[in-house]
Amino acid sequence: MKQYVFSFHTEQEKASVWEEAILASGMMEAFSKAQRLLMKYKQEKGVPIRIRYKGVRYRYTDIA
């Protein structure tokens with residue numbers, strides 16, 4: 001599985017930026033999970049939030 005990294009940020013006078021690494025098997029799955037997170041954050045914070053795709057991290061598993 002891969003970790004798809006998205007950055008979320010608010011656009012207001014006190015802006016905040018944070019990143020989320022979403023574990024998914026493909027881009028479409030990651031994007032739908034990111035959309036659900038976006039809706040959740042909009043309800044919690046009550047301000048407009050933008051989302052941006054940053055890249056992919058490959059998840060390394062230790063088999064030893």
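Note that the structure is a prediction, hence the values are computed from the model and not measured. Basis for what follows: all heavy atoms, side chains included, without hydrogens, waters or symmetry-related copies.
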(message) I'd like to know whether Ile22 forms a side-chain contact (heavy atoms from CB on, under 4.5 Å) with Leu37, so could you lay out the CA-CA distance, the side-chain angles of the two residues, the decisive distance to 0.1 Å, and finally the verdict.
(response) CA-CA 10 Å; Ile22 298 172; Leu37 279 174; 4.0 Å; yes
(request) With sequence neighbours left out, write down each residue that passes ring pair (Phe, Tyr, Trp, His ring centres under 6.0 Å) with Phe31, or none if nothing qualifies. (result) none
(message) Let me check something: do Tyr58 and Phe6 share a hydrophobic cluster, defined by ILVMFWY side-chain heavy atoms less than 4.5 Å apart, either directly or through other members?
(response) yes
(request) Identify whether Val5 and Val56 are in the same connected component of the hydrophobic contact network (ILVMFWY, side-chain heavy atoms under 4.5 Å). (result) no
(request) Not counting sequence neighbours, list each pair that qualifies as a salt bridge (charged side-chain N to carboxylate O under 4.0 Å, His left out) and has a residue in residues 38-49. (result) none
(request) Check side chain to side chain donor-acceptor pair (under 3.5 Å) between Tyr4 and all other residues, then give those that pass, not counting sequence neighbours. (result) none
(message) Checking Ser16 now: which residues fulfil side chain to side chain donor-acceptor pair (under 3.5 Å) with it, not counting sequence neighbours?
(response) Thr10
(request) Applying side chain to side chain contact (heavy atoms under 4.5 Å, CB included), name anything that partners Arg50, two or more places apart in sequence or on another chain. (result) His9, Glu11
(request) Only counting residues at least two apart or in another chain, list the ones meeting side chain to side chain contact (heavy atoms under 4.5 Å, CB included) with Ser32. (result) Arg36
(request) Taking all non-hydrogen atoms of both residues into account, name the closest pair between Tyr41 and Trp18 and its distance. (result) CE1-NE1, 3.5 Å
(request) Tell me, please, which residues at least two apart from Lys33 pass salt bridge (Lys or Arg N to Asp or Glu O under 4.0 Å). (result) Glu29
(request) State the CD-CD distance between Glu20 and Gln3, to the nearest 0.5 angstrom. (result) 11.0 Å
